[in-house]
Amino acid sequence: MGNNEEVKLLGVWASPFSRRIEMALKLKGVSYEYLEEDLEKKSSLLLALSPIHKKIPILVHNGKTIIESHVILEYIDETWKHNPILPQDPYERSVARIFAKLVDEQIVNVGFVSLTKTEKGREGLIQQTRELIKCLEKELAGKDYFGGKTVGFLDFVAGSMIPFCLERAWEGMGVEMITEKEFPEYNKWVKKLKEVEIMVDCIPPREEHIKHMNHMGEKIRSA
Ligand SMILES: N[C@@H](CCC(=O)N[C@@H](CS)C(=O)NCC(=O)O)C(=O)O
């Protein structure tokens with residue numbers, strides 16, 4: 001698949017936004033060239049491809065540039081139609097998109113702001129994040145994955161962001177965020193994600209990732 005096509009992904013190893021694109025490409029079996037970016041010193045290719053946004057991930061497919069991870073995921077799904085990523089049913093598809101927005105807008109906003117605070121300022125934000133994650137807990141009830149029996153759009157968005165990024169950041173600060181007792185469905189889902197080869201392939205190495213998130217948090221707090 002994709003042998004005579006040009007598929008390039010500009011990403012960053014620790015970024016959930018580019019990791020989720022790799023998950024989708026792997027699910028589709030599309031071969032791609034991965035180009036690691038340094039966001040402190042963005043490459044001329046990145047700036048040429050995305051002069052306004054200047055962010056990763058960027059997908060290049062046969063000379064066309066696609067940006068914004070949700071848009072890229074939809075593009076991949078519509079271009080390579082086998083192993084669908086989004087639900088086939090229009091209502092379920094809308095639900096998946098709305099939950100993906102909840103993750104990337106609300107949960108990310110509150111969850112990562114907690115990193116910028118000192119211990120005292122953190123607790124309220126952490127509690128707010130937990131409340132938001134309860135919506136995901138409900139959505140997972142009775143399912144293996146958000147996508148049902150197989151992983152899909154929301155598993156990529158939420159999976160790359162919450163257990164394999166945000167929780168690691170909190171862990172670096174000594175906060176146990178989403179306990180088994182309070183979030184049994186969520187924790188079952190995380191275990192199931194670790195059984196999926198394409199997901200495991202895209203999870204950043206744990207210790208290095210925690211260190212990286214800690215370093216970012218310290219940098220923000222001391223700024
Ligand atoms: N909404 C974007 C977010 C992407 C994003 O925030 N990328 C960050 C890295 S994690 C970035 O490239 N930041 C560079 C910058 O802001 O200068 C998406 O879903 O793709």
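Quantities reported herein were computed from a predicted structural model and do not represent experimental measurements. By convention here, the first residue in the shown sequence is residue 1. Counting starts at 1 for both ligands and their atoms, following the listed order.
Ion pairing between a basic and an acidic side chain is recognised when a charged N comes within 4.0 Å of a carboxylate O; Glu37 and Lys54 show no such pairing. A salt bridge links Glu40 with Lys219; the closest basic N to acidic carboxylate O contact falls under 4.0 Å. The pair Lys26-Glu197 fails the salt-bridge criterion, with no side-chain N (NZ, NE, NH1 or NH2) lying under 4.0 Å from an Asp/Glu carboxylate O. Between Glu131 and Lys134 a salt bridge is recorded (basic side-chain N to carboxylate O distance below 4.0 Å).
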Going through the distances and angles, do Leu9 and Glu33 end up as a side-chain contact (heavy atoms from CB on, under 4.5 Å)? CA-CA 6 Å; Leu9 174 68; Glu33 185 188 349; over 6 Å; no

Please test Arg168 against Ile203 for side-chain contact (heavy atoms from CB on, under 4.5 Å), starting from the C-alpha separation and ending with a verdict. CA-CA 12 Å; Arg168 287 176 169 185; Ile203 300 172; 3.3 Å; yes

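In terms of polar-atom proximity, defined here as any N/O pair under 3.5 Å, Ser69 does make such a contact with ligand 1. Distances between N or O atoms of Lys42 and those of ligand 1 include at least one value under 3.5 Å.
Remark: distances from the non-hydrogen atoms of Val12 to ligand 1 are all 4.0 Å or more. Ligand 1 has no atom lying under 4.0 Å from any heavy atom of Glu37.
Ranking protein heavy atoms by distance to atom 6 (O) of ligand 1, first place goes to Phe17 CE1, 3.7 Å. For atom 1 (N) of ligand 1, the closest non-hydrogen atom on the protein side is Glu68 OE1, 2.9 Å. Among protein heavy atoms, atom 10 (S) of ligand 1 sits closest to Ser15 OG, 3.3 Å. Protein heavy atom at the shortest distance from atom 9 (C) of ligand 1 is Leu39 CD1, 3.6 Å. Atom 16 (O) of ligand 1 has its closest protein heavy atom at Lys55 CE, 3.5 Å.
Only one option out of Lys8, Glu22, Glu5 pairs with Tyr32 in a side-chain hydrogen bond (donor to acceptor under 3.5 Å, both in side chains); it is Glu22.
Contact annotation for Ile56 and ligand 1: heavy atoms of both the backbone and the side chain come within less than 4.0 Å of the ligand.
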